[in-house]
Amino acid sequence: MADEAPFQFLHNEVIQYIYKSSVNGETENGRKITKLENMGFRVGQGLIERLTKDTVRFKDELDIMKFICKDFWTCVFKKQIDNLRTNHQGIYVLQDNKFRLLNQLSAGKQYLEHAPEYLAFTCGLVRGALSSLGVKSIVTAEVSIMPACKFQVMIQKI
């Protein structure tokens with residue numbers, strides 16, 4: 001697990017860099033989160049291509065989500081998703097009870113407002129991976145108690 005610490009440091013530094021460097025007076029928080037999500041999107045695309053090069057084709061969208069929760073999540077965060085739920089109508093909820101990128105933040109309620117900064121990259125990561133697998137989606141994240149978080153994936157039907 002020697003590669004875990006550099007990933008966390010890099011993730012933290014990318015967040016700090018984006019939040020400290022405002023291009024052309026860019027002060028809107030939404031733009032910064034979008035930048036982080038776009039970075040994650042591209043990384044997710046590349047990573048899923050490497051992970052799926054030797055796998056068989058997925059049967060359906062549920063198989064794809066299981067792959068994301070087991071293999072993809074394990075590759076990135078060294079553990080599987082703790083819980084996957086679906087309504088079988090295109091909405092999936094992925095729950096991680098000890099999300100590694102939030103472990104470094106204090107569990108106090110005052111730090112909940114900073115959680116979206118640390119989740120945007122991962123939302124993009126999942127959305128990029130799904131996009132490369134042919135699934136168009138919207139990924140959002142929520143935190144109620146640190147370091148647990150839920151990622152909601154809404155599949156967009158074409």
Side-chain angles (χ1 to χ4, degrees), residues 3-4 7-8 10-15 17-19 26 28-105 111-158:
D3 57 343
E4 183 179 331
F7 174 69
Q8 287 183 346
L10 178 64
H11 182 261
N12 288 340
E13 287 302 313
V14 166
I15 291 170
Y17 175 76
I18 286 182
Y19 273 81
E26 186 180 277
E28 188 180 326
N29 193 33
R31 285 187 180 169
K32 294 173 184 178
I33 287 183
T34 301
K35 277 185 179 182
L36 287 168
E37 189 175 345
N38 288 338
M39 283 181 182
F41 183 85
R42 180 62 195 111
V43 171
Q45 283 180 320
L47 190 57
I48 202 73
E49 286 176 13
R50 294 179 127 203
L51 287 175
T52 58
K53 69 179 180 184
D54 296 326
T55 60
V56 296
R57 214 168 206 349
F58 297 107
K59 289 188 305 191
D60 56 7
E61 147 187 310
L62 183 59
D63 272 354
I64 291 173
M65 292 308 297
K66 286 179 182 177
F67 182 83
I68 294 292
C69 292
K70 292 179 183 176
D71 300 317
F72 184 75
W73 210 262
T74 300
C75 177
V76 178
F77 299 110
K78 308 296 185 231
K79 68 184 277 296
Q80 292 183 5
I81 280 287
D82 295 312
N83 195 354
L84 169 65
R85 294 185 181 196
T86 181
N87 67 354
H88 297 289
Q89 296 175 356
I91 296 180
Y92 297 88
V93 177
L94 290 66
Q95 184 170 348
D96 191 336
N97 295 328
K98 291 185 179 175
F99 187 59
R100 294 194 188 273
L101 298 179
L102 291 179
N103 276 342
Q104 303 303 318
L105 294 180
Y111 295 104
L112 280 176
E113 68 186 44
H114 295 290
E117 301 168 12
Y118 291 86
L119 298 173
F121 181 84
T122 306
C123 287
L125 201 67
V126 173
R127 194 171 61 86
L130 290 171
S131 173
S132 284
L133 294 173
V135 177
K136 189 174 180 189
S137 64
I138 297 172
V139 181
T140 57
E142 70 176 56
V143 177
S144 52
I145 300 171
M146 298 276 239
C149 66
K150 292 180 183 177
F151 294 92
Q152 182 173 356
V153 179
M154 295 185 313
I155 306 297
Q156 298 179 314
K157 302 293 182 192
I158 299 171

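All figures in this text were calculated on a predicted structure; none of them were measured in a lab.
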Colleague: Give the minimum heavy-atom separation between E49 and S132, together with the two atoms involved.
Modeller: OE2-OG, 4.1 Å
Colleague: Taking K70's backbone N and O only, do any of them form a donor-acceptor pair with T74's side chain (distance below 3.5 Å, no angle check)?
Modeller: yes
Colleague: Pair Q152, K150 - check side chain to side chain contact (heavy atoms under 4.5 Å, CB included), show working.
Modeller: CA-CA 6 Å; Q152 182 173 356; K150 292 180 183 177; over 6 Å; no
Colleague: If I compare all heavy atoms of E61 with all of G90, which pair ends up nearest, and what's the gap?
Modeller: OE2-CA, 3.9 Å
Colleague: How far does NZ of K66 sit from CG of D60, to the nearest 0.5 angstrom?
Modeller: 8.0 Å
Colleague: Between L51 and D71, does a side chain to side chain contact (heavy atoms under 4.5 Å, CB included) hold up when you go through it step by step?
Modeller: CA-CA 8 Å; L51 287 175; D71 300 317; 5.5 Å; no
Colleague: At their closest point, which heavy atom of D63 faces which heavy atom of K59, and how far apart are they?
Modeller: OD2-CE, 3.1 Å
Colleague: Working to the nearest 0.5 Å, report the span between CZ of F58 and CD1 of I68.
Modeller: 7.5 Å
Colleague: For L94, which of L84, D82, N83 qualifies under side chain to side chain contact (heavy atoms under 4.5 Å, CB included)?
Modeller: L84
Colleague: Kindly compute the distance separating CZ (F151) from CG (L119), expressed to the nearest 0.5 Å.
Modeller: 5.0 Å
Colleague: How many angstroms lie between CE in M65 and CG in L133, if you round to the nearest 0.5 Å?
Modeller: 10.5 Å
Colleague: Test L36 against Y118 for side chain to side chain contact (heavy atoms under 4.5 Å, CB included), laying out the working first.
Modeller: CA-CA 9 Å; L36 287 168; Y118 291 86; over 6 Å; no
Colleague: Let's go through I15 and F121 carefully: what are the C-alpha distance in whole Å and the side-chain angles of both, what is the deciding distance for side chain to side chain contact (heavy atoms under 4.5 Å, CB included) to 0.1 Å, and is it a yes or a no?
Modeller: CA-CA 9 Å; I15 291 170; F121 181 84; over 6 Å; no
Colleague: Roughly how far apart are R42 CZ and L125 CG, rounded to 0.5 Å?
Modeller: 12.0 Å
Colleague: What closest approach, in Å, do Q95 and I81 show between heavy atoms, and which atom pair accounts for it?
Modeller: O-CG2, 3.4 Å
Colleague: If you compare all heavy atoms of C149 against all heavy atoms of V143, which two are closest, and at what distance to 0.1 Å?
Modeller: CB-CG2, 3.7 Å
Colleague: In Å and rounded to the nearest 0.5 Å, what is the CG to CZ distance from L130 to F41?
Modeller: 9.5 Å
Colleague: Examine distances only and state if a side-chain atom of T86 and a backbone atom of I91 form a donor-acceptor pair shorter than 3.5 Å.
Modeller: yes
Colleague: Within a reach of under 6.0 Å around NZ of K79, are more than 12 heavy atoms found that belong to other residues, nucleotides or ligands?
Modeller: yes
Colleague: How close do S137 and R127 get, heavy atom to heavy atom, and via which atoms?
Modeller: O-CD, 3.5 Å
Colleague: Parallel, tilted or perpendicular, judged at 30° and 60°: which one describes the rings of F99 and W73?
Modeller: tilted
Colleague: Using only atom types and a distance under 3.5 Å, with no angle test, would you say the side chain of R100 pairs donor to acceptor with the backbone of F77?
Modeller: yes
